[in-house]
Amino acid sequence: MADTTGNTTENEAQQPPRPRKASWKHIGPGIVVAATGVGAGDLVATLIAGSNFGYTLLWAAIIGCLVKISLAEAAGRWHLSTGRTLFDGWASLGRWTTWFFAVYVVVWGFVYGAAAMSSSALPLQALFPDVMDLKWWGIACGLVGLVFVWFNKYAVFEKVMTVLVGVMFVVTVYLAIRVTPNLLDAFAGLLPVLPDEKDSVLNTLGLIGGVGGTITLAAYGYWVNAKGWTDTGWMKVMRLDNRVAYATTGIFVIAMLFVGAEMLHSANVAIASGDKGLIQLGDILEAEYGAATAKFFLVGFFATSFTSLIGVWHGVSLMFADFVARLSGTRQAKGEEVASGERERSWPFRAYLLWLTFPPMILLFEGQPFRLIIIYGVLGAAFLPFLAGTLIWLLNSSRTPREWRNGPVSNAMLAIAGLLFLVLCVKQIWDQPWGEFF
């Protein structure tokens, strides 16, 4: 008879985790990553693509979602198959990954904090124009995000994100239906055709890579662990959850492309890039469909921006807490520690929350410093090639159990993602005004 420890036999202890059935009731981290990854800037980029090219680049938006599925799935698969966190995997590749992440997370967090607060403030100021100035709305949004994430664990955070995603979904789908899309032209847009315009290749690659693609792709594995999924028994559930995430993202993108193609392209109307383009769209909607539709849109705009804010406040703070734990001497950072909620109560998690909230408020008053914005742009562009490249490395090595290593399809998708983001990274670096930097 086999020896026993407590009520578990030795043979039972060696058995792999029992696979859970991929059920819709488990969906959660995917909704969080979809909500966080799609910000106001992404919606504007899609609107502009629709206004410039009509339905021609619909196929590119869909391919972009497939690329993000492969990246998020790979991050989740690493967490579940190894029981280790992604930063722990990066640390095993050499100290250069630690240095890159350290510089990135400090600079990126400082500039992103201001951008997220401003983005959330814009629709509130448009809805309540006589209450207070834009910067004070931004500060209020940052403080609400801080308090919410500081005092709530993942379960509450996920529920609130799900409600806000529901608002985003209803608003974007309503607008897409309201503008009465030309379905024949939309189906024609599924054919991979490039617009007959200058720089059409780079514009197409930008649309593929830009929507829903940020550090939140790396945070997905941490949210998987925070949900309580820590072993390979959850692999099927994670994969379904991930597909739901980017199906949701795809719906947002397609809906806004429809709006851009019908309202802007057909009328030859241009809008500004960045978050202010959505304010312009609100004015156009009010003129076309009335004040009620415009206000409904602004509510959706706020939900889009605020989910990105609290998603980063939570997810990147989890990553930073893991980073500090690994630096402080932890031999291996385990997914169980994230699942226990220990990371959300730690001082590094809360210190990074404060970093995202208070120092960026300076930029709301002073404007964004020129050199810092250039560094921010370069680091941001470099992160996704870094993520794709390191995932290929980790998931094809002995660091990952053989059963869960990359197959040909995963390697191909990650390689395509890495090449795509590398091209966009080089373009971003090339476009920076380096002559004015020095």
Side-chain angles (χ1 to χ4, degrees), residues 34 37-39 41-72 172-173 175-213 217 243 245-274 277-278 281 284 381 384-385 388 408-428 430-431:
V38 179
D42 298 311
L43 296 187
V44 173
T46 310
L47 275 170
I48 291 175
S51 68
N52 289 340
F53 309 119
Y55 294 103
T56 306
L57 292 181
L58 181 59
W59 64 273
I62 293 172
I63 287 178
C65 291
L66 296 177
V67 168
K68 309 307 179 348
I69 284 174
S70 66
L71 281 167
T172 54
V173 171
L175 289 178
I177 294 171
R178 189 71 191 265
V179 300
T180 317
N182 187 319
L183 295 181
L184 288 177
D185 287 350
F187 280 117
L190 296 175
L191 296 174
V193 175
L194 291 174
D196 187 18
E197 302 278 348
K198 182 183 177 182
D199 294 331
S200 62
V201 173
L202 288 175
N203 286 331
T204 302
L205 291 178
L207 182 61
I208 293 173
V211 179
L217 289 168
R243 292 180 191 122
Y246 285 96
T248 304
T249 300
I251 290 170
F252 294 150
V253 169
I254 291 168
M256 296 311 288
L257 193 76
F258 283 4
V259 174
E262 293 297 335
M263 285 201 69
L264 306 178
H265 181 70
S266 60
N268 197 26
V269 174
I271 62 171
S273 60
L278 290 185
L281 179 62
I284 295 167
L384 286 176
V409 174
S410 295
N411 276 325
M413 291 299 292
L414 289 176
I416 291 169
L419 182 61
L420 164 68
F421 292 124
L422 184 61
V423 170
L424 294 173
C425 176
V426 171
K427 181 180 183 298
Q428 178 82 352
W430 183 266
D431 289 344

Would a 4.5 Å heavy-atom cut-off, applied to side chains only, mark [X] and [Y] as touching?
{"X": "Val259", "Y": "Thr46", "answer": "no"}
{"X": "Val38", "Y": "Thr248", "answer": "no"}
{"X": "Leu424", "Y": "Leu384", "answer": "no"}
{"X": "Glu262", "Y": "Thr180", "answer": "no"}
{"X": "Phe421", "Y": "Val67", "answer": "yes"}

When rounded to the nearest 0.5 angstrom, what is the spacing between [atom1] in [X] and [atom2] in [Y]?
{"X": "Ile208", "Y": "Ile62", "atom1": "CD1", "atom2": "CD1", "result": "11.0 Å"}
{"X": "Asp185", "Y": "Phe258", "atom1": "CG", "atom2": "CZ", "result": "10.0 Å"}
{"X": "Leu194", "Y": "Thr204", "atom1": "CG", "atom2": "OG1", "result": "5.0 Å"}
{"X": "Leu414", "Y": "Leu419", "atom1": "CG", "atom2": "CG", "result": "12.5 Å"}
{"X": "Leu278", "Y": "Met256", "atom1": "CG", "atom2": "CE", "result": "6.0 Å"}
{"X": "Leu66", "Y": "Ile416", "atom1": "CG", "atom2": "CD1", "result": "10.0 Å"}

Could you tell me which non-hydrogen atom of [X] sits nearest to which non-hydrogen atom of [Y], and how far apart they are?
{"X": "Ala176", "Y": "Pro181", "result": "O-CD, 3.0 Å"}
{"X": "Val193", "Y": "Trp59", "result": "O-NE1, 3.0 Å"}
{"X": "Ser51", "Y": "His265", "result": "O-ND1, 2.9 Å"}
{"X": "Leu57", "Y": "Phe53", "result": "CD1-CD1, 3.5 Å"}
{"X": "Met413", "Y": "Ser70", "result": "CB-CB, 3.5 Å"}
{"X": "Val253", "Y": "Ala61", "result": "CG1-CB, 3.3 Å"}

Taking side chain to side chain contact (heavy atoms under 4.5 Å, CB included) as the criterion, tell me which of Leu191, Ile254, Ile63 meets it with Leu58.
Ile254

More than 12 heavy atoms of other residues, nucleotides or ligands under 6.0 Å from CZ of Arg243: yes or no?
no

Can you check whether Gly39's main-chain N or O pairs, donor with acceptor, with Asp42's side chain at less than 3.5 Å?
yes

Closer than 3.5 angstrom, by distance alone: can the side chain of Thr249 be matched with the main-chain N or O of Tyr246 as a donor-acceptor pair?
no

